[in-house]
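Okay, so here's the structure we're looking at.
Values below: every heavy atom of this structure, side chains too, minus hydrogens, waters and symmetry copies. Every chain is numbered from 1 and lettered A, B, ... according to where its sequence line falls, protein lines coming before strand lines.
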There are 2 protein chains.
Amino acid sequence: MPIDELDGRLIELFTAEPRVGVLEASRRLGVARGTVQARLDRLSRDGVIAGYGPEIDPAALGYAVTAFVTLQLRQAGGHDPVAKRLAQVPEVIEAHTITGPGDMLCRVVARSNTDLQRVIDVLVDVAGVERASSVISLATQVAYRTLPLVRASARRAGRTGGTRPGEGGADGAKPGERPPG
Amino acid sequence: MPIDELDGRLIELFTAEPRVGVLEASRRLGVARGTVQARLDRLSRDGVIAGYGPEIDPAALGYAVTAFVTLQLRQAGGHDPVAKRLAQVPEVIEAHTITGPGDMLCRVVARSNTDLQRVIDVLVDVAGVERASSVISLATQVAYRTLPLVRASARRAGRTGGTRPGEGGADGAKPGERPPG
DNA sequence: CAGATGCTGGACAATCTGTACAGTCAGGAG
DNA sequence: CTCCTGACTGTACAGATTGTCCAGCATCTG
């Protein structure tokens with residue numbers, strides 16, 4: 001939770017170039033390899049870094065259409081059974097229970113607008129779903145991102161300066177080295 | 001785009017255990033290392049795998065509240081200038097132009113409900129934004145995922161069986177090996 | 001049939017990772 | 001003021017992995 005400036009730079013680096021590796025990162029950031037390793041371990045342990053899985057682009061898979069579907073549920077039964085059914089639909093990429101007039105908000109993808117109709121029909125068919133109203137995403141103006149958040153968090157939390165006893169060395173932190181990739 | 005069954009298993013494996021590496025993956029999947037490498041290259045080149053960046057959890061950073069804000073824009077001016085402003089707000093995690101009564105749908109995060117009020121105020125202050133109506137995510141029933149989609153795509157696309165001239169070897173594809181981590 | 005493509009099995013040098021350890025430095029406790 | 005703790009640096013070493021290349025073989029296409 002207390003992200004410091006080095007953590008921020010670390011995340012930034014790994015977001016920009018995920019394949020750099022610990023050693024290369026230590027060189028780029030000008031810190032010892034052990035430090036990078038320790039930071040990464042801590043960030044993972046604290047849950048800030050949830051994982052490193054490959055990011056799959058549904059569009060590249062042929063699911064060109066994204067839509068947000070608001071579901072209204074029958075009062076009886078609750079959300080969980082519905083959520084369980086929704087989870088079985090591959091096209092449901094994400095689902096939240098929400099405040100307001102609707103009960104659940106789902107992000108779904110489909111191969112085309114025609115295909116979207118099919119997907120929506122599947123959702124409406126789920127037991128407990130009363131109505132569904134959907135809006136189609138025409139364009140993604142801001143793609144999912146967390147970096148600005150990381151930067152903001154890193155800035156506010158103090159602990160900015162680290163220990164700088166010396167420079168140079170064999171294993172890590174060679175200042176003038178040009179990175180390979 | 002034409003995801004095959006091996007591609008599917010590959011993505012599945014890397015999603016479950018992102019740190020396995022190419023060599024280990026080749027062992028697990030029972031194919032040659034070069035094959036894994038080639039598949040991964042192709043998936044990246046085709047854009048199916050968009051990247052391997054670390055997944056940051058906003059909640060772990062202190063942004064516990066997620067909300068979906070629908071913006072209505074002034075007719076004149078268009079979406080792009082607004083999107084540009086939105087992109088400058090760290091708390092705006094994602095933004096789409098949409099069909100329907102609203103004009104844009106934004107996913108925003110905040111430190112608390114009180115903080116959310118501040119964020120919404122920022123959005124409403126953006127030039128071109130006429131009104132904002134928001135729903136708060138109470139719970140995430142289905143967390144963002146793409147794996148089911150991958151599986152579905154892998155199943156439908158043919159090319160299921162590959163060339164199987166021989167088994168066993170030194171560099172890759174040792175069947176009975178127990179993976180380290 | 002020839003060519004292109006994809007996979008296997010193998011090899012090598014260069015690099016990186018996991019891990020460990022001693023020394024330095026800053027901040028807090030006594 | 002001194003001691004202790006936590007974080008970082010600088011090193012070291014063995015083992016594993018990566019990038020890259022190559023030849024052989026099978027399938028698909030023209």
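- When each of D/dG19, C/dG9, C/dT19 is scored by its nearest atom to the side-chain atoms of A/Arg33, the top-ranked nucleotide is C/dT19.
- Residue B/Arg27 places no side-chain N or O under 4.0 Å from the OP1 or OP2 atom of D/dA16.
- Of the listed nucleotides (D/dG10, C/dT8, D/dT18), D/dT18 has the atom at the smallest distance from the side chain of B/Leu23.
- Note on A/Val122: it clusters hydrophobically with A/Val124, by side-chain heavy-atom contacts below 4.5 Å among ILVMFWY residues.
- B/Leu6 places its CG atom 16 Å from the C1' atom of C/dT5, with the value rounded to the nearest Å.
- Note: CZ (A/Arg28) to P (C/dC16) measures 11 Å, nearest angstrom.
- Whole-Å rounding puts the A/Asp4 CG to C/dA26 C1' distance at 15 Å.
- One distance of note links CZ of A/Phe14 with CZ of A/Arg9; it measures 13.0 Å at 0.5 Å rounding.
- Distance, A/Asp41 CG to D/dA7 P: 13 Å, rounded to whole Å.
- The terminal axes of the helix from C/dC1-D/dG30 to C/dG30-D/dC1, fitted over 5 pairs per end, subtend an angle of 40° to the nearest 10°.
- Protein atom CG of B/Leu29 is 16 Å distant from nucleotide atom C1' of C/dG6, rounded to whole Å.
- For B/Ser137, the side-chain contact (heavy atoms from CB on, under 4.5 Å) partners at least two apart in sequence or on another chain are A/His96, B/Thr66, B/Phe68, B/Thr140.
- A straight line from CZ of B/Arg19 to P of C/dC16 spans 15 Å, rounded to a whole angstrom.
- Geometrically, A/Arg19 engages B/Tyr52 in a cation-pi contact defined by less than 6.0 Å to the ring centre and at most 45° from the axis.
- Closest to the A/Val22 side chain, of the nucleotides C/dG9, C/dT17, D/dC8, is C/dT17.
- With B/Tyr63 as reference, B/Val109 is the one residue of B/Val119, B/Leu116, B/Val109 to meet the side-chain contact (heavy atoms from CB on, under 4.5 Å) rule.
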I'd like to know whether B/Gln117 forms a side chain to side chain donor-acceptor pair (under 3.5 Å) with B/Asn113, so could you lay out the CA-CA distance, the side-chain angles of the two residues, the decisive distance to 0.1 Å, and finally the verdict. CA-CA 7 Å; B/Gln117 183 60 64; B/Asn113 284 349; over 6 Å; no
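- With a 4.5 Å cut-off on side-chain heavy atoms, B/Arg145 and B/Thr15 do not count as touching.
- Nearest to the side-chain atoms of B/Gln37 among the listed nucleotides C/dT17, D/dT20, C/dT8 stands D/dT20.
- The distance between atom CD of B/Glu24 and atom P of C/dG18, rounded to the nearest whole Å, is 13 Å.
- Rounding to whole angstrom units, CG of residue B/Leu40 and C1' of D/dT17 are separated by 14 Å.
- Within the 4.0 Å cut-off from OP1 or OP2 of D/dA7, not a single side-chain nitrogen or oxygen of A/Arg42 is found.
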